[in-house]
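Notes for the one structure printed next.
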Protein chains: 2
Amino acid sequence: MVNTSVDTEKKILEAAKRVFLVKGLSGARMQEIADEAGINKSLLHYYFRSKQQLFKAIFEEIFSHFFPALISIFNNNEPLELKISMIVDQYIDEFGNKGYVPLFLINEIYQNPELVSSLSGKMDKMVHSEFMKELQEGIQSGKYVEVSPMQLLSNILSLCIFPILAQPMLKSVFQIGNEEYNKFLEERKKLIPEMILKNLIK
Amino acid sequence: MVNTSVDTEKKILEAAKRVFLVKGLSGARMQEIADEAGINKSLLHYYFRSKQQLFKAIFEEIFSHFFPALISIFNNNEPLELKISMIVDQYIDEFGNKGYVPLFLINEIYQNPELVSSLSGKMDKMVHSEFMKELQEGIQSGKYVEVSPMQLLSNILSLCIFPILAQPMLKSVFQIGNEEYNKFLEERKKLIPEMILKNLIK
DNA sequence: ATGTAGTTTAACCATTTGGTCAAATTTAGG
DNA sequence: CCTAAATTTGACCAAATGGTTAAACTACAT
């Protein structure tokens with residue numbers, strides 16, 4: 001029966017992820033993380049010296065998962081048009097009912113932008129991906145309208161993620177429940193790529 | 001020299017607004033608000049019984065300002081095409097360097113959706129505005145593509161607000177500074193209405 | 001079995017935090 | 001001026017919070 005350090009560390013990380021994601025750095029409590037992991041609070045400090053360090057471990061895990069999902073699509077063999085649909089599907093499926101994940105990232109980075117600077121290596125892969133090459137080639141060949149990659153990527157991410165962040169607000173404003181909201185998101189899987197492509201293809 | 005209750009209350013509200021907007025409910029400290037207002041901490045509890053009540057006062061002020069800006073544009077005399085441009089300009093100008101305002105709203109509503117339910121009256125005006133009438137008429141007359149108002153409004157708000165929320169992240173990913181970021185936002189004032197209209201007009 | 005290193009726990013600690021209260025100060029009316 | 005009410009303050013409190021420490025427990029090699 002191996003129920004030792006590796007196991008405990010994993011339990012802590014999973015518990016901490018759950019709590020930090022929902023409550024954020026300032027809202028999370030070490031005691032709550034310990035309870036969630038079913039261990040003594042001191043153990044948290046035994047494995048991770050401080051709240052800050054535990055948080056950093058979690059943040060980097062979440063952050064490191066968020067963009068690679070994009071990057072792997074950015075670098076696959078499909079044509080750019082399909083890549084866009086894949087990104088939209090991916091984000092809506094993955095975060096449609098987990099808006100707290102992108103919200104967590106936006107929040108913590110907004111409060112403390114340095115969090116990212118140490119991880120900037122991961123970004124380069126995105127800026128220099130197949131997606132970007134294909135885009136630039138398409139622009140030069142006259143297939144695509146001239147558009148800055150930053151604007152295009154912002155448009156895609158905005159249309160996918162914002163309605164997920166604003167889910168409770170949208171539900172209130174338009175007086176709808178979960179069922180209708182999910183239909184709304186499903187509609188967007190078609191709507192967003194159409195919109196992006198209609199503005200990209202000459 | 002009238003330097004009495006009215007004055008103090010205003011000082012408190014302004015200080016609380018500054019602190020709550022940036023730190024959020026859980027991150028804000030009553031002592032910090034008191035210092036910011038230049039008064040004793042006990043006074044906060046004299047004017048507003050608890051942190052919760054002070055927060056509620058601030059939240060409602062922020063929230064009540066956020067949508068009416070939209071609503072007044074929604075109900076003016078300009079044609080729908082121009083209304084859209086006005087909304088985009090309004091939000092980018094107002095929140096371009098104050099992303100913490102929409103972020104504050106999204107956050108606090110996400111954590112506590114009931115915050116909005118008491119204010120739902122304000123929303124009706126938006127759903128039943130001139131904008132929506134014009135949209136529906138345009139759709140019926142065949143001028144506009146058939147699109148749900150919720151999708152359209154989500155698209156507009158997404159494209160305006162998300163890049164403002166994600167400002168620090170975008171700056172990191174694309175390795176740009178304030179100057180270039182502001183140019184990016186200015187570009188969007190043209191880009192967004194073009195994009196919305198190209199997808200709306202048949 | 002036994003000693004040792006690694007792991008886990010309970011008991012504490014110092015600081016922070018939202019909140020209370022009685023005393024002090026200011027304001028305004030008679 | 002005097003007084004009563006409203007306003008403001010400093011001292012204080014209990015609970016919560018991140019963190020420490022020494023003791024207890026476990027695994028395991030000898």
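Nothing here was measured: the structure is a model prediction, and the numbers come from that model. Proteins come first, then strands; the chains are lettered A, B, ... in the order of their sequence lines, and each starts at number 1.
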For atom OH of B/Y46 and atom P of C/dA24, their distance in whole Å: 18 Å
Only distances under 3.5 Å count here; give the side-chain donor-acceptor pairs of residues 194-202 of chain A to other protein atoms, sequence neighbours excluded, each with its distance to 0.1 Å.
residue : atom : partner : partner atom : Å
A/N199  : ND2  : A/M195  : O            : 3.2

Quick check: does any side chain N or O of A/E108 sit under 3.5 Å from a backbone N or O of A/L25, one acting as donor and the other as acceptor? yes
Without decimals, in angstroms, what is the distance between A/F48 CZ and D/dG18 P? 16 Å
Taking only N and O in the side chain of A/Y47, is any of them less than 4.0 Å away from OP1 or OP2 of C/dT8? yes
May I have the list of side-chain donor-acceptor pairs in residues 150-174 of chain A shorter than 3.5 Å, sequence neighbours left out?
residue : atom : partner : partner atom : Å
A/Q151  : OE1  : B/R188  : NH1          : 2.7
A/Q151  : NE2  : B/F184  : O            : 3.1
A/S154  : OG   : A/M150  : O            : 2.7
A/N155  : OD1  : B/R188  : NH1          : 3.0
A/N155  : OD1  : B/R188  : NH2          : 2.7
A/N155  : ND2  : A/Q151  : O            : 3.2
A/S158  : OG   : A/S154  : O            : 2.6
A/K171  : NZ   : A/N178  : OD1          : 3.0

In this structure, how many angstroms lie between the P atom of D/dG10 and the CD1 atom of B/I39, rounded? 12 Å
To the nearest angstrom, how far is A/D35 atom CG from C/dT9 atom C1'? 14 Å
Atom pairs and distances, side-chain donor-acceptor, residues 32-41 of chain A, under 3.5 Å, sequence neighbours left out:
residue : atom : partner : partner atom : Å
A/E32   : OE1  : A/K23   : NZ           : 3.0
A/E32   : OE2  : A/K23   : NZ           : 3.1
A/D35   : OD1  : A/Q31   : NE2          : 3.0
A/E36   : OE2  : A/R18   : NH1          : 2.6
A/N40   : OD1  : A/S42   : N            : 2.7
A/N40   : OD1  : A/S42   : OG           : 3.1

Nearest-Å distance, CG (A/D7) to P (D/dT26)? 16 Å
Side chains of residues 94-107 of chain A: which donor-acceptor partners sit under 3.5 Å, not counting sequence neighbours?
residue : atom : partner : partner atom : Å
A/E94   : OE1  : A/Q90   : NE2          : 2.8
A/E94   : OE2  : A/H65   : NE2          : 2.7
A/N107  : OD1  : B/N107  : ND2          : 2.5
A/N107  : ND2  : A/L103  : O            : 3.2
A/N107  : ND2  : B/N107  : OD1          : 2.5

Quick one, give me the B/S/- string for nucleotides 17-22 of chain C, reading 5' to 3', where B means a protein heavy atom under 4.0 Å from the base and S means that only happens at the primed atoms, P, OP1 or OP2. SBBBB-
Name the atoms and distances for all side-chain donor-acceptor pairs under 3.5 Å in residues 67-77 of chain B, with sequence neighbours left out.
residue : atom : partner : partner atom : Å
B/S72   : OG   : B/A69   : O            : 3.2
B/N75   : OD1  : B/E130  : N            : 3.0
B/N75   : ND2  : B/I71   : O            : 3.2
B/N76   : OD1  : B/E78   : N            : 3.1

